[in-house]
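Note on naming: letters A, B, ... go to the chains in the order of the sequence lines (proteins, then strands), and numbering restarts at 1 for each one. As the structure is a prediction and not an experimental result, all values here were calculated from the model.
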Number of protein chains: 2
Amino acid sequence: MSTRWLDDAEMTAWVRLAAVLELLPGVLDSQLRRDAELTHYEYYVMAMLSEAPKRTLRMTALAQRTNATLPRLSHVVKRLEDRGIVERFPCPEDARATNARLTAEGWKKIRATAPGHVATVRRHVIDVLTPEQISQLADITGAILESVDPEGNLSEVYRR
Amino acid sequence: MSTRWLDDAEMTAWVRLAAVLELLPGVLDSQLRRDAELTHYEYYVMAMLSEAPKRTLRMTALAQRTNATLPRLSHVVKRLEDRGIVERFPCPEDARATNARLTAEGWKKIRATAPGHVATVRRHVIDVLTPEQISQLADITGAILESVDPEGNLSEVYRR
DNA sequence: AGCAAAAGGTTGTAGCTACAACTTTCCTGC
DNA sequence: GCAGGAAAGTTGTAGCTACAACCTTTTGCT
């Protein structure tokens with residue numbers, strides 16, 4: 001079976017996307033690290049918790065919303081717990097499960113951190129695109145996510 | 001100074017892009033790791049070398065084309081050298097500089113690996129998009145790269 | 001009921017990346 | 001022609017992620 005190589009247009013798009021994949025996380029991480037001693041993933045964990053009812057989510061749900069594996073989340077939450085940013089407690093309905101909750105301190109921290117982070121996202125992504133491109137980007141990433149998602153356990157937001 | 005938060009359309013695009021940033025590298029890495037014991041970054045290093053004249057590039061040039069810092073590249077190249085995939089030798093014109101060259105074995109390896117990798121890229125990115133979307137993606141990532149790029153040392157491919 | 005399999009988490013560890021510190025060579029101005 | 005700084009790499013190390021192994025509780029079957 002013979003390989004279908006990429007033509008010029010496809011190659012350009014792919015090379016640039018690969019560069020974004022390589023560079024953008026570093027930009028986000030270093031702003032958050034500098035201003036709040038957080039990684040982008042840690043920020044995302046806090047953000048998902050802050051939007052949940054009672055600022056609480058089960059580990060599995062949190063892992064899904066943050067696009068991470070459970071082991072990764074477990075390690076991260078432990079570190080955040082040591083820093084007083086989240087707390088864990090057993091889930092009453094299911095003795096296997098663990099709930100993670102954003103503490104008052106964590107809530108204060110993300111409120112203080114959000115403006116700087118949003119400004120960074122705006123500066124490097126949103127504000128360099130036209131409204132039309134933003135809509136195109138949502139469609140494009142939506143299509144990619146559908147194919148990347150193993151068995152349909154994406155968050156609702158990704159659904160097209 | 002007050003924060004301009006993201007509206008719904010902006011938020012959707014950003015959340016999805018963030019998910020792609022988180023998930024796509026893992027997909028690429030695991031295919032390459034499974035089939036060739038390579039990370040995506042290692043593959044990229046080999047690919048850039050394979051396209052260069054004499055399959056040779058100076059470390060700085062290679063770092064730039066692979067969107068990485070020099071320390072990172074240095075570590076990676078050392079490991080590839082230990083595996084007989086690349087070799088390093090001092091640059092004749094500049095005694096500070098080091099050249100990296102793809103070995104015959106490395107050349108064979110990337111030729112054997114490329115079809116599987118391209119198939120993965122097609123499956124998860126290129127083939128899920130229309131030709132129009134591919135062109136849009138190139139423009140969008142081009143704009144992001146310009147803003148992310150610190151002082152204009154991007155490869156030519158990124159220029160719009 | 002009782003047992004196997006699945007679901008939910010945690011822990012240990014190897015490996016990769018970021019950051020800082022350091023060495024050597026080259027360039028510039030005086 | 002020679003200091004001082006920039007450029008090119010390398011190395012050491014701390015920290016994060018992936019992967020595998022493990023434990024406990026729940027579910028499904030019969």
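Considering only residues two or more places apart in sequence or on other chains, B/R58 meets the side-chain contact (heavy atoms from CB on, under 4.5 Å) condition with B/C91, B/D94, B/A97, B/N99. In terms of the side-chain contact (heavy atoms from CB on, under 4.5 Å) criterion, residue partners of A/E81 (sequence neighbours excluded) are, by chain and number, A/V86, A/R88. Residues forming a salt bridge (charged side-chain N to carboxylate O under 4.0 Å, His left out) with B/R101 (at least two apart in sequence, or on another chain): B/E87. Every residue two or more places apart in sequence or in another chain that forms a side-chain contact (heavy atoms from CB on, under 4.5 Å) with B/Q136 is listed here: A/Q136, A/I140, B/E132, B/Q133. Residues passing the salt bridge (charged side-chain N to carboxylate O under 4.0 Å, His left out) test with B/R33, sequence neighbours excluded: none. In this structure, B/E37 has no side-chain hydrogen bond (donor to acceptor under 3.5 Å, both in side chains) partners at least two apart in sequence or on a different chain.
As rounded to whole Å, 13 Å separates atom P of C/dT17 from atom CG of B/N67. In this entry the distance linking CG of A/L62 with C1' of C/dT10 reads 15 Å, nearest Å. Residue A/Y44 contributes atom OH, which lies 15 Å from atom P of D/dT17 at whole-angstrom precision. Nucleotide D/dC19 holds its C1' atom 13 Å from the CG atom of B/D29, rounded to whole Å. Computed from coordinates, the B/H40 NE2 to D/dA18 C1' distance equals 18 Å when rounded to whole Å. Distance, B/L28 CG to D/dT17 P: 18 Å, rounded to whole Å. As rounded to whole Å, 14 Å separates atom C1' of C/dT17 from atom CG of B/L70. Between the CG atom of B/L23 and the P atom of D/dT17 there is a distance of 14 Å, rounded to whole Å.
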Enumerate donor-acceptor pairs with a distance under 3.5 Å from any side-chain N or O in residues 117-125 of chain B to protein atoms, sequence neighbours excluded.
{"from": "B/T120", "atom 1": "OG1", "to": "B/Q31", "atom 2": "OE1", "distance (Å)": "3.2"}
{"from": "B/T120", "atom 1": "OG1", "to": "B/G116", "atom 2": "O", "distance (Å)": "3.0"}
{"from": "B/R122", "atom 1": "NE", "to": "A/R4", "atom 2": "O", "distance (Å)": "3.0"}
{"from": "B/R122", "atom 1": "NH1", "to": "B/D127", "atom 2": "OD1", "distance (Å)": "2.9"}
{"from": "B/R122", "atom 1": "NH2", "to": "A/W5", "atom 2": "O", "distance (Å)": "2.9"}
{"from": "B/R122", "atom 1": "NH2", "to": "A/E10", "atom 2": "OE1", "distance (Å)": "3.2"}
{"from": "B/H124", "atom 1": "ND1", "to": "A/S147", "atom 2": "O", "distance (Å)": "3.1"}
{"from": "B/H124", "atom 1": "ND1", "to": "A/S147", "atom 2": "OG", "distance (Å)": "3.2"}

Tell me which donor-acceptor pairs under 3.5 Å the side chains of residues 104-113 of chain B have, and how far apart each pair is, sequence neighbours excluded?
{"from": "B/K109", "atom 1": "NZ", "to": "B/A36", "atom 2": "O", "distance (Å)": "3.0"}
{"from": "B/T113", "atom 1": "OG1", "to": "B/K109", "atom 2": "O", "distance (Å)": "2.7"}

Check nucleotides 13-16 of chain C against the protein and report each pair of N or O atoms closer than 3.5 Å, with its distance, or say if there are none.
{"from": "C/dC16", "atom 1": "OP2", "to": "B/R79", "atom 2": "NE", "distance (Å)": "3.4"}

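Closest heavy-atom contact between B/T141 and A/R16: OG1-CB, 3.2 Å. In terms of heavy atoms, B/A138 sits closest to A/T12 at CB-CG2, 4.3 Å.
For the pair A/A97 and A/S30, both in contact range of DNA chain C, the more 5′-proximal nearest nucleotide belongs to A/A97. Nearer the 5' end of DNA chain D, as judged by each residue's closest nucleotide, is the contact made by B/S74, out of B/S74 and A/T69.
Of the residues in residues 81-90 of chain A, none lies under 4.0 Å from DNA chain D by heavy-atom distance.
The ring pair (Phe, Tyr, Trp, His ring centres under 6.0 Å) contacts involving residues 60-93 of chain B comprise nothing, where partners must be two or more places apart or lie in separate chains.
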> How would nucleotides 22-27 of chain D be written as a contact map, 5' to 3', with B for base contact, S for sugar-phosphate-only contact and - for no contact, using protein heavy atoms under 4.0 Å?
Replying inline: ---BS-
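Distances shown here put a side-chain N or O of B/T98 below 4.0 Å from the OP1 or OP2 atom of D/dT10.
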